[in-house]
Amino acid sequence: MRKIFLTVILILSMLTATAFAAETENATENPTENKTENVNPNESYEYTSETYGFKITCPVKPVVVVKPFEDPNRNGEMLVFANEGIKVLYGYIIEIDAFDDKQVPNFNKDKKKITDAYLEKLRGDFLYNSVEIMEVTPKNKGIVMVTADKVEFKDENGAVKETITAEEQRVITRFRSKSGRCIEIQLIDANLDQNDYEIYRKSVSTYQDATDLSMTDNKKDKKSKKKK
């Protein structure tokens, strides 16, 4: 179990560092300790992806945007807000079509026993500190997971023999967009606190992908034609 945990954390860190290092040789470092202390919600930054067409409101303008996946079949971007060298201190990873629609329950439609069973399975994984259903918007629910900051390993008698502290924590939200696409948004945070978490949740609630926006535009066009 310990090896699995360490491998997962190592892979996450390596992928982030590798993707970031490839495009930040000349990037300005932004190693702010209190990353969101002075963030004003009224001065937030609306980011639009030129590649994938999604929109999301961010706490600040990204320092750099990179593709975090080596797998060509995975689609998304990493928005870096604060870094120290190649280490990402604060950022979002946004992935489109991130999970199999059949493997993750639809928290808006599926029966409670199905969603409860899924939650129990994830809660049994010591990789996570918490796993909860999240209201992304008033009419759309998803799931939010917070990775463990510390993991305790016990002996046969139940006594703690070793504690491992993770270098970073991540908050992972999975949900379906209005058009039904499977979206995952991760918060990378070197020093996760409640303020960062709340800002992240607000950002997630603003997400709109290209299909959502296209549907909205079509509705506006239809209304304009009716008026004419």
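- Among all heavy-atom pairs drawn from Tyr200 and Thr173, the shortest one is OH-OG1, 2.7 Å.
- In this structure, Thr147 contributes its side chain and Arg170 its backbone to a donor-acceptor pair below 3.5 Å.
- Not one N or O on the side chain of Glu132 forms a donor-acceptor pair closer than 3.5 Å with the backbone of Val144.
- The two residues Phe81 and Gly91 come nearest to each other via the heavy atoms CD1-CA, 3.7 Å.
- Looking at every heavy atom in both residues, Asn140 comes nearest to Phe175 through ND2-CD1, 4.0 Å.
- The two residues Gly76 and Pro68 have their closest heavy-atom pair at O-CD, 3.6 Å.
- Looking at Met78 and Ile188, their side chains come closer than 4.5 Å, going by heavy atoms from C-beta outward.
- Judged purely by atom type and a 3.5 angstrom limit, Asn83 has no side-chain atom pairing as donor or acceptor with the backbone of Ile86.
- Using a 4.0 Å cut-off between a side-chain N of Lys or Arg and a carboxylate O of Asp or Glu, Arg123 and Glu120 qualify as a salt bridge.
- When side chains are defined from C-beta on, Ile93 counts as touching Phe69, because their heavy atoms get closer than 4.5 Å.
- The CD1 atom of Ile199 sits 10.0 Å away from the CG atom of Asp189 when rounded to the nearest 0.5 Å.
- At a threshold of 4.5 Å between non-hydrogen side-chain atoms, the residues Tyr92 and Pro59 count as touching.
- Connection of Leu119 to Ile114 is not established within any shared hydrophobic cluster, with ILVMFWY side chains joined at heavy-atom distances below 4.5 Å, either directly or through further cluster members.
- The two atoms that bring Arg174 and Tyr118 nearest to each other are NH1-OH, 3.7 Å, heavy atoms only.
- Contact of the Gln169 side chain with the Asn129 side chain is registered, since non-hydrogen atoms from C-beta on lie closer than 4.5 Å.
- Using the six-membered ring where Trp is involved, Phe54 and Tyr52 have ring planes that are parallel, under 30° apart on the 30 and 60° scheme.
- Residue Arg74 comes nearest to Lys67 through the heavy atom pair O-NZ, 2.7 Å, listed as atom of the first residue, atom of the second, then distance.
- At a threshold of 4.5 Å between non-hydrogen side-chain atoms, the residues Glu77 and Ile94 do not count as touching.
- A donor-acceptor distance shorter than 3.5 angstrom exists from the side chain of Thr206 to the backbone of Thr57, with no hydrogens or angles considered.
- Asp209 places a side-chain heavy atom less than 4.5 Å from the side chain of Ile183.
- Side-chain contact between Arg176 and Val104: present, with at least one pair of heavy atoms (C-beta onward) separated by less than 4.5 Å.
- Donor-acceptor pairing under 3.5 Å is lacking for the side chains of Asn75 and Asp97.
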